[in-house]
Novice: 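Following this message is one structure expressed as structure tokens.
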Amino acid sequence: MKIGGIDAVSAALRGAQPEVRRATVPVMEMAARSIASRATSIANPSSPHNLWRGSRGASLRPRYAADRRGPYWFRVETPGGNVGKAEAIAEFSRLAVTPQGGALVSALTSAHGRPGGAGNGRILWRAADGMSDDVYSSVRRAVDAAAASIEGKMGGA
């Protein structure tokens, strides 16, 4: 028994994962860069309690960046140093040991509408929340386009 088109189907399926990756990676890169840009604009350098002041009183400027971390994924990160420390405090501080720390945590939660803490960053999640539906739609369209291309390569089998 001979099945027509099986070679074309087999070849198309072997290329499915790379094709889906090629279609979706640019969408994910755009999403990561958009989140970084939005987070940078949300992180207010006039934040309370001199959070955005360096060790000698110099003003620090928030700057999140998107970084490609593998063939298929990106992350949004801080640059490190004093700016990175200020961004980490703004994102995640939740438990206060001193009254001043309590005032800072309260002010940050009030300003960003999120409590902070592990897995609940104030600024990055706020930046991402506003665009998750658009990103999902863009990824879905990219996957659908890749699927249509793969089906076309199968020759209608």
Novice: Do the side chains of Arg140 and Val143 get nearer than 4.5 Å, heavy atoms only?
Specialist: yes
Novice: Which heavy atom in Ala39 sits nearest to a heavy atom in Ala127, and how many Å separate them?
Specialist: N-CB, 3.7 Å
Novice: State the OG-CE distance between Ser37 and Met30, to the nearest 0.5 angstrom.
Specialist: 12.0 Å
Novice: Keeping Glu91 on the side-chain end and Ile123 on the backbone end, is there a donor-acceptor pair under 3.5 Å?
Specialist: yes
Novice: How long is the span from the CD atom in Glu87 to the CG atom in Leu60, to the nearest 0.5 Å?
Specialist: 9.0 Å
Novice: Of the non-hydrogen atoms in Gly121 and Phe92, which two are nearest, and what is the gap between them?
Specialist: CA-CE2, 3.6 Å
Novice: Contact between Val25 and Phe74 at the side-chain level, heavy atoms closer than 4.5 Å - yes or no?
Specialist: yes
Novice: Are side-chain heavy atoms of His112 and Ile42 found at a separation under 4.5 Å?
Specialist: yes
Novice: Below 4.5 Å, heavy atoms only, C-beta onward: do Thr78 and Arg63 meet side chain to side chain?
Specialist: no
Novice: Is any side-chain heavy atom of Arg114 closer than 4.5 Å to one of Asp129?
Specialist: yes
Novice: Within the distance-only criterion (no hydrogens, no angle test), does the side chain of Ser106 pair as donor or acceptor with the backbone N or O of Gly102 below 3.5 angstrom?
Specialist: no
Novice: Using the test side chain to side chain contact (heavy atoms under 4.5 Å, CB included), find all partners of Arg69 that sit at least two apart in sequence or belong to another chain.
Specialist: Asp67, Trp73, Arg75, Glu77
Novice: For the residue pair Lys85 and Asn82, establish whether any side-chain heavy-atom pair is separated by less than 4.5 Å.
Specialist: yes
Novice: Would you check if the side chain of Ser149 reaches a backbone N or O of Ala145 as a donor-acceptor pair within less than 3.5 Å?
Specialist: no
Novice: Find out whether Ser93 and Leu108 are in side-chain contact, i.e. whether some heavy atom of one side chain is under 4.5 Å from a heavy atom of the other.
Specialist: yes
Novice: What's the spacing between Met131 CE and Ser138 OG if we round to 0.5 Å?
Specialist: 8.5 Å
Novice: Please check if Ile89 and Trp125 belong to a single hydrophobic cluster, counting links between Ile, Leu, Val, Met, Phe, Trp and Tyr side chain heavy atoms closer than 4.5 Å.
Specialist: no
Novice: Atom CZ of Arg126 and atom CD1 of Ile35: how far apart are they, to the nearest 0.5 Å?
Specialist: 14.0 Å
Novice: Identify the two heavy atoms, one from Ala23 and one from Ala146, that lie closest to each other, and give their separation to 0.1 Å.
Specialist: CB-CB, 4.0 Å
Novice: What's the spacing between Arg68 CZ and Arg33 CZ if we round to 0.5 Å?
Specialist: 9.5 Å
Novice: Can you name the nearest heavy-atom pair linking Ala36 to Ala66, along with the distance?
Specialist: CB-N, 3.8 Å
Novice: Look only at the side chain of Thr109 and the backbone of Val105, and say whether a donor-acceptor pair between them is shorter than 3.5 Å.
Specialist: yes
Novice: Report, as yes or no, whether the 6.0 Å neighbourhood of atom CZ on Arg21 holds more than 12 heavy atoms from other residues, nucleotides or ligands.
Specialist: yes
